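Step one of this worksheet: look at the structure below.
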Amino acid sequence: MSSIPGKLTDARILVVDDDETNLRLLGRILSANGYNDVKLTGDGSDVFRLVSSFEPDLLLLDLHMPPPDGFAILDTLGPWIDGPGKMPVLVLTGDDTSETKRRALSMGARDFLAKPFDGIEAMLRIRNLIETRLLYRALENHNVELESKVKERTGELEQAQIEIMERLARAAEFRDDETGRHTQRVGAMAAGLAAAIGLDTKMVELIGRAAPLHDVGKIGVPDGILLKPSNLTPDEMKIMRTHTEIGSRILSGGQSELIVTAERIALSHHERWDGSGYPHGLAGLEIPIEARIVAAADCIDALTHNRPYRAAWPLKAVIEEVHRCSGTHFDPDIVNAMIETSFHRRISVSPPRPWPAPILPETSSAADQ
């Protein structure tokens, strides 16, 4: 994209005419009116190179020349005439027939200058086209600036949204994990698993950002159930499981892709591949891919870290159990990708303590639900 001239006489002008007399005359007229950034050529075959390198703000073009004639040149210059720069073309011709004018206009010509030239008329037409060109380029430049500002503002809003979501995730987690690190680890692990199964970069980042909100619905679960250090009763388990639907309601109605993804994860991350999960008993591919990924990440992180009511499992034991539950609890493709890419070797674990403890039971402590 060529720069915008500071004033009319700064405009770059290319004149193409095989008549040397006409070239010299137009050169003198332009020079006398202060236009000094002018190139003249009588060789139609050189126009493409000149336009590419010189990037004129106005092209004065003779139609009837030895091949390539003006029409062939107009055809070649279509990307400059019709493209983003909208280079104007002033046709020079002694042929003022309607057919010639219609053909030239249909190929992008903006105006005509009849031969022989009248100096005043020539400069008025040239001035009008250059003014239009400058206004167009100024508008184009303004639009670029506006687009840049919109992108900047959008980026700021997206960052603010991400920060709010991170703090909401921490608030939910703080009730049963004062460090808040579980949500951060699940986000990082979910992003890693998403990459391991071949999701695109945008989706990987989206899942990594949304996953920490998987348990935001725990905000609505009573402390007596959420913080209970022993196994939950069937009635308590029923209340505990409402955190998926509470989380979905908290995040419902969002317009951004991030919030919508977080809502799907919050609702479905306890669904199981075989349909035995909750809240809706979805099975297989009915479960959103992001929820299937977070189901694995959430379980692995919970089991590899110490909790007040049980010690962390050794990583090897956790991986063996996850593999055993492939096709029942977990999506087999996710489990296979985790093992084939050695992703499990990058999983952080708690320092060892005496174990074992129940794993993936029907009734368990609140923090595993």
Side-chain angles (χ1 to χ4, degrees), residues 1-140:
M1 181 184 294
S2 61
S3 61
I4 301 174
K7 54 184 179 180
L8 293 182
T9 52
D10 290 336
R12 293 181 294 275
I13 301 174
L14 175 61
V15 184
V16 183
D17 196 321
D18 65 324
D19 188 323
E20 185 66 25
T21 301
N22 287 335
L23 278 180
R24 288 198 302 269
L25 175 58
L26 283 169
R28 287 197 299 270
I29 292 173
L30 289 167
S31 179
N33 284 273
Y35 293 90
N36 296 311
D37 201 355
V38 178
K39 289 189 181 297
L40 310 174
T41 181
D43 184 1
S45 64
D46 198 33
V47 173
F48 184 83
R49 181 191 65 81
L50 285 171
V51 169
S52 299
S53 60
F54 184 49
E55 295 188 340
D57 295 299
L58 174 64
L59 171 63
L60 277 61
L61 177 65
D62 185 22
L63 287 181
H64 300 293
M65 299 185 297
D69 66 7
F71 293 110
I73 292 172
L74 284 172
D75 187 54
T76 301
L77 297 179
W80 280 268
I81 296 170
D82 299 323
K86 300 290 185 185
M87 179 183 69
V89 178
L90 175 60
V91 166
L92 312 173
T93 181
D95 181 357
D96 61 354
T97 63
S98 296
E99 181 181 354
T100 297
K101 290 183 176 181
R102 282 196 298 268
R103 184 181 177 192
L105 289 170
S106 70
M107 298 180 75
R110 299 289 181 84
D111 200 357
F112 295 86
L113 183 60
K115 297 179 181 179
F117 307 127
D118 175 83
I120 295 176
E121 180 187 359
M123 287 314 306
L124 287 173
R125 293 184 184 278
I126 288 170
R127 181 184 180 87
N128 286 341
L129 287 175
I130 291 176
E131 284 181 338
T132 301
R133 164 75 163 181
L134 297 189
L135 288 171
Y136 179 85
R137 296 305 297 276
L139 178 61
E140 188 179 53

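For this chain, numbers begin at 1 and follow the sequence in order. Note that the structure is a prediction, hence the values are computed from the model and not measured.
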For Thr93 and Asp95, does a side-chain donor sit closer than 3.5 Å to a side-chain acceptor?
no
For Phe71 versus Met107, what's the shortest heavy-atom pair and its separation?
O-CE, 3.1 Å
Answer yes when Asp17 and Lys115 have at least one side-chain N-carboxylate O distance shorter than 4.0 Å, and no when they do not.
yes
Say you draw a straight line from CD of Glu121 to CG of Leu124; how long is it, rounded to the nearest 0.5 Å?
8.0 Å
Say you draw a straight line from OG1 of Thr100 to CG of Leu105; how long is it, rounded to the nearest 0.5 Å?
10.5 Å
Determine, step by step, whether Glu99 and Arg103 satisfy the salt bridge (Lys or Arg N to Asp or Glu O under 4.0 Å) criterion, reporting the C-alpha distance in whole Å, the side-chain angles of both residues, the deciding distance to 0.1 Å, and the verdict.
CA-CA 6 Å; Glu99 181 181 354; Arg103 184 181 177 192; over 6 Å; no
Which atom of Ala104 lies closest to which atom of Leu63, heavy atoms considered:
CB-CD1, 4.4 Å
Where do Met123 and Tyr35 land on the side chain to side chain contact (heavy atoms under 4.5 Å, CB included) test, with the steps shown first?
CA-CA 10 Å; Met123 287 314 306; Tyr35 293 90; 3.3 Å; yes
For the side chain of Arg133 and the backbone of Pro88, is there at least one donor-acceptor N/O pair under 3.5 Å apart?
no
Could you state the interatomic distance from CG (Leu113) to CG (Leu61), rounded to the nearest 0.5 Å?
12.0 Å
How close do Ala109 and Val91 get, heavy atom to heavy atom, and via which atoms?
CB-CG2, 3.5 Å
Atom OG1 of Thr41 and atom CG of Leu23: how far apart are they, to the nearest 0.5 Å?
7.5 Å
In Å and rounded to the nearest 0.5 Å, what is the CG to CG distance from Leu60 to Leu129?
8.5 Å
Main-chain N/O of Ala11 paired to Asp37 side chain as donor or acceptor, under 3.5 Å:
no
Report the C-alpha separation of Val89 and Arg110 in whole Å, then their side-chain angles, then the decisive distance to 0.1 Å, and conclude whether the side chain to side chain contact (heavy atoms under 4.5 Å, CB included) test is met.
CA-CA 6 Å; Val89 178; Arg110 299 289 181 84; 5.5 Å; no
Could you tell me which residues satisfy salt bridge (Lys or Arg N to Asp or Glu O under 4.0 Å) with Lys101, sequence neighbours excluded, listed by chain and number?
none
If you take all heavy atoms of Phe48 and Thr76, which pair is closest and at what distance?
CD1-CG2, 3.6 Å
Heavy atoms only: give me the nearest Gly119-Ile29 pair and the separation to one decimal.
CA-CD1, 3.9 Å
Nearest 0.5 Å please: distance from the CG atom of Leu50 over to the CZ atom of Arg12.
13.0 Å
Does Ile126 form a side chain to side chain contact (heavy atoms under 4.5 Å, CB included) with Leu30? I'd like the steps, not just the answer.
CA-CA 9 Å; Ile126 288 170; Leu30 289 167; 3.7 Å; yes
Closer than 3.5 angstrom, by distance alone: can the side chain of Ser31 be matched with the main-chain N or O of Gly27 as a donor-acceptor pair?
no
If we check side-chain contact (heavy atoms from CB on, under 4.5 Å) with Arg24, which of these qualifies: Thr21, Leu26, Asn22?
Thr21
Determine the minimum heavy-atom distance between Ser52 and Glu55, stating which atoms define it.
O-CG, 3.8 Å
Passes side chain to side chain contact (heavy atoms under 4.5 Å, CB included), Asn33 versus Arg127? Steps please.
CA-CA 10 Å; Asn33 284 273; Arg127 181 184 180 87; over 6 Å; no
